[in-house]
Amino acid sequence: MLRKYVKQNAVKRKQIRVVLIKPSKYDDDGYVIRHYRGVLPSNTLACLSSLTQDVARREELGKDVDLRVDLYDDTVEKIPVNRIIRSNRLPYRRTIVALAGVQSNQFPRAADLARRFRAGGLQVLIGGFHVSGALALSQGITPEIQELIDCGVSVVKGEVEEEWGNILRDAFEDRLRPLYDLLDRKPDLYSRPIPIIHREYLKKFVTSNFGTIDCSRGCPFNCSFCTIINVQGREMRLRSPELLIQTLRDNYRLHHVNYYFFTDDNFARNGGWRDIFTMLVRLREKEGIPIQFMIQVDTQSHKIPEFVSLAARAGCTQVFIGMESINPENLKAVGKMQNHVKDYQDLIAAWHNAKIATHVAYIFGFPFDTAESIRQDVRRLQNELGVEQASFFILTPVPGSRDHANTVQRGESMNPDLNAYDSFHETIRHPNFAPGELEASYRNAWKSFYSFNYMKEVLTRANLENYWNIFLNFVWYKNSALIEGGHPMLHGFFRLKDRTDRRPGFAVESRRKHFSRRFREVKSLMRSWLSLALEMEELWLQTRKRSDAEIRLLSEIQNLRNQVNRNLHSAELQLAHVRARLHFPELRVPSRPALAFRDLNFRMAKRITYSRADLQLFWQRTGKMKMLFIRPHKVVLSFLKDLQLFVLFVRDVASA
Ligand code: B12
Ligand code: SF4
């Protein structure tokens, strides 16, 4: 939980506490999907928190009102429902709960939380893409939203940049309306407050130097599965580049944040891209602020003059491309007319030439897909396009998309459980797949794309600057998709399961049953992690980038070794250092005590030129042998070798 006192003034006697909550969703067993550490912080929380602070700064609720924001993210922390309810009991305080950025798959969880807060007497608001999208294209109010309204929850449809102060005033004065319809009043974002960084919140994520900002909203295209155009519109609305850059500068100085996900759905259509990139170049090259970022772009982005080259200079390390399919028939069927399959190779090559890693969004379940075509598509992504990463999704008729409205109109059946609308569950029947077959093909796609051989190919050709970004993404993706069995975009590291906070309809297990089940799950998780760690270590051994200085040093050692034909002594190793230093003065010749450790590293460096295969073979053979045939000294030596190697691996990862 993060608490921000926006105004602290002893004179102020009335307090409004705005509790922003980003709900998670339930897994198939009814447990909230929550992790010890997340990967991507919520931009909606950052945005609404910034807007609330702005309302406070302007004293929009009156000079004697203290406005305070608390932030909770259900995906990385337990929501203390009872404590929040109790905080409303103080006579001078009014607590308002705002369920933020609620997507369709998060709606059931959000609704359960809303009901608990309402039962505790709190005022509750809900907003985000589910309510905005569902109400944008439906005739009237949909039943699940009506149900919330009936229990006293206020629903906010659309963006609140220009209305947040008024809504908070309504809450303060106890006259919240059941529905705020702001969809037709799309706010001008230009001078609106930029989403802010909360350092304490970032600590709940794997890296705390990571920020998110939406630099624009809307998208000019017209894909039938998309909700964005029906909520944020097809006209682009931009934030001021100057304001944005000033925020990045401040965030770097105050919070050391230097990596961003600019969450615009299509940064290539953000009319301010040139100004933003130019200012970022200045920030990096003149002010020495090393900002890097990733963006989402369309498949025509490489044709915008200078877009790619300037993105590279501005610090872009990865682009997320809305490729969706390699089958032109599929693209036509969903109105993705801007995607031309014949351009794909040029597109990927253009980003690669700029040394920017490509990550494609790819959807299965389009009308012309079959189990075989999915297998082929994955191979084509690898062999013909050579993209570094792919994120796979199952086509889902999300409320707010034309696909959803058409399916409703045709009276076709859809999965009634919104919790499944997360793009990795089947929600409609596909004529080319038996029930469950699409999900199976989807899972296989993850497995074959993130195979050892393909990851090796990608990392071998990755440039030094991008190597670790891609490597760590592989760890994240493999862990989420193949170990945790979910979608990387929803998963962080180390799954937590709250025994008592289970979806209504699922029984709360006894302590004994729950802990023995969790014990088995954690044990199997540990085993999977060990094998993932060894796989990634092997990948590192086979692909790791060596600096020119290290290559030179290794070749000097090899030369000496060839001359003396035996293991080198410390003095000889020192000589190799001296020789290599002639070319790379930055290499330090180690002092004597350090030499032993260096020696170890170099021997390992020699070994790490190859792989861990010999050790693996040894362990396999040892595992099969009877006790009598095992040679203890070999076991100990191999264990030590493996340990040394692993320490080097971890050291390298940690310094990435
Ligand atoms: C960036 C992004 C992500 C990032 C998240 C990064 C982050 N943590 O912020 C990643 C890649 C992880 C991601 C993952 C997923 N995403 Co996503 N994502 C987006 C994207 C492109 C931008 C989000 C954003 O920053 N928006 C800007 C914020 C400020 O807008 P906002 O949330 O709508 O909030 C505004 C209003 O809605 C309103 N509001 C919101 N909440 C509340 C609450 C109250 C009380 C009030 C008054 C107002 C209010 O005020 C805000 C300011 O105006 C959106 C599309 C979009 N343009 O928004 C899709 C989008 C939200 N994602 C979507 C989906 C489906 C997913 C995934 C399930 C996987 C997938 N298929 O992509 C996962 C789920 C992960 C998860 N647990 O959240 C869908 C949701 C559709 C739906 N109806 O459910 C969207 C709309 C894109 C789409 N495909 O159509 N996503
Ligand atoms: S390009 Fe992306 S954001 Fe734009 S309409 Fe299509 S799916 Fe939506």
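None of these values were measured; they are calculated from a predicted model. Whatever order the structure lists ligands and atoms in, that order sets their numbers, starting from 1. Keep in mind that the numbers below use all heavy atoms, side chains included, and drop hydrogens, waters and symmetry copies.
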Atoms in ligand 2 with a heavy atom of Gln338 nearer than 4.0 Å: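 That gives atoms 1 (S) of ligand 2.
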
Heteroatom proximity flag, [X] to ligand 1, N/O under 3.5 Å:
X	value
Lys22	no
Trp164	no
Thr75	no
Asp214	no
Pro41	yes
Thr227	yes

Give a yes/no on ligand 2: does Arg234 have at least one heavy atom closer than 4.0 angstrom to it?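 Not so, Arg234 does not reach ligand 2.
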
Distance from [atom] to nearest protein heavy atom, with residue and atom:
atom	answer
atom 50 (O) of ligand 1	Val160 CG2, 3.4 Å
atom 73 (C) of ligand 1	Leu490 CD1, 3.8 Å
atom 4 (Fe) of ligand 2	Cys219 SG, 2.3 Å
atom 25 (O) of ligand 1	Asn43 ND2, 2.7 Å
atom 6 (Fe) of ligand 2	Cys223 SG, 2.3 Å
atom 44 (C) of ligand 1	Gly127 N, 3.7 Å
atom 8 (Fe) of ligand 2	Cys226 SG, 2.4 Å
atom 69 (C) of ligand 1	Ser423 OG, 3.8 Å
atom 86 (C) of ligand 1	Phe129 CD2, 3.2 Å
atom 84 (O) of ligand 1	Ser104 N, 2.7 Å
atom 75 (C) of ligand 1	Met489 O, 3.4 Å

Among [options], which residue places a heavy atom closest to [atom]?
atom	options	value
atom 2 (Fe) of ligand 2	Met337, Lys336, Gln296	Lys336
atom 80 (C) of ligand 1	Gln103, Lys25, His491	Gln103
atom 12 (C) of ligand 1	Leu48, Asn105, Val102, Leu40	Leu40

Numbering the atoms of ligand 1 from 1, which are under 4.0 Å from a heavy atom of [X]?
X	result
Leu125	45 (C)
Glu161	52 (C), 53 (O)
Thr263	1 (C), 21 (C), 22 (C), 24 (C), 25 (O)
Asp265	21 (C), 55 (C), 56 (C), 57 (N)
Val398	81 (C), 82 (C), 83 (N), 84 (O)
Val156	47 (C)
Gly158	36 (C), 37 (O), 38 (C)
Gln296	21 (C)

[X] and [Y] aromatic centres sub-6.0 Å:
X	Y	result
Phe210	Phe205	no
Phe392	Tyr442	no
His359	Tyr477	yes
Phe368	Phe366	no

Counting only heavy atoms on the protein side, is anything nearer than 4.0 Å to [atom]?
atom	value
atom 59 (C) of ligand 1	no
atom 89 (N) of ligand 1	no
atom 19 (C) of ligand 1	no
atom 38 (C) of ligand 1	yes
atom 5 (C) of ligand 1	no
atom 22 (C) of ligand 1	yes

Heavy-atom distance under 4.5 Å between the side chains of [X] and [Y], does that happen here?
X	Y	result
Ile229	Phe221	no
Asn415	His425	no
Phe364	Val378	yes

Sub-4.0 Å heavy-atom contact, [X] with ligand 1:
X	result
Ala100	yes
Asp422	yes
Gln106	yes
Val231	no
Ser42	yes

Out of Lys186, Arg217, Arg185, which residue meets the salt bridge (Lys or Arg N to Asp or Glu O under 4.0 Å) rule with Glu159?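 Of all the options given, the one that passes is Arg217.
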
Going from [atom1] on [X] to [atom2] on [Y], what distance comes out if it is rounded to the nearest 0.5 angstrom?
X	Y	atom1	atom2	answer
Ile295	Asn270	CD1	CG	9.5 Å
Thr52	Leu20	OG1	CG	5.0 Å
Leu331	Ser325	CG	OG	5.0 Å
Tyr260	Asn209	OH	CG	9.5 Å

List the steps and the verdict of side chain to side chain donor-acceptor pair (under 3.5 Å) for Gln389 and Asn473. CA-CA 9 Å; Gln389 265 190 271; Asn473 276 356; 2.9 Å; yes

Between Arg503 and Asp112, does any NZ, NE, NH1 or NH2 come within less than 4.0 Å of an OD or OE carboxylate oxygen?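 Answer for the salt bridge query: no.
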
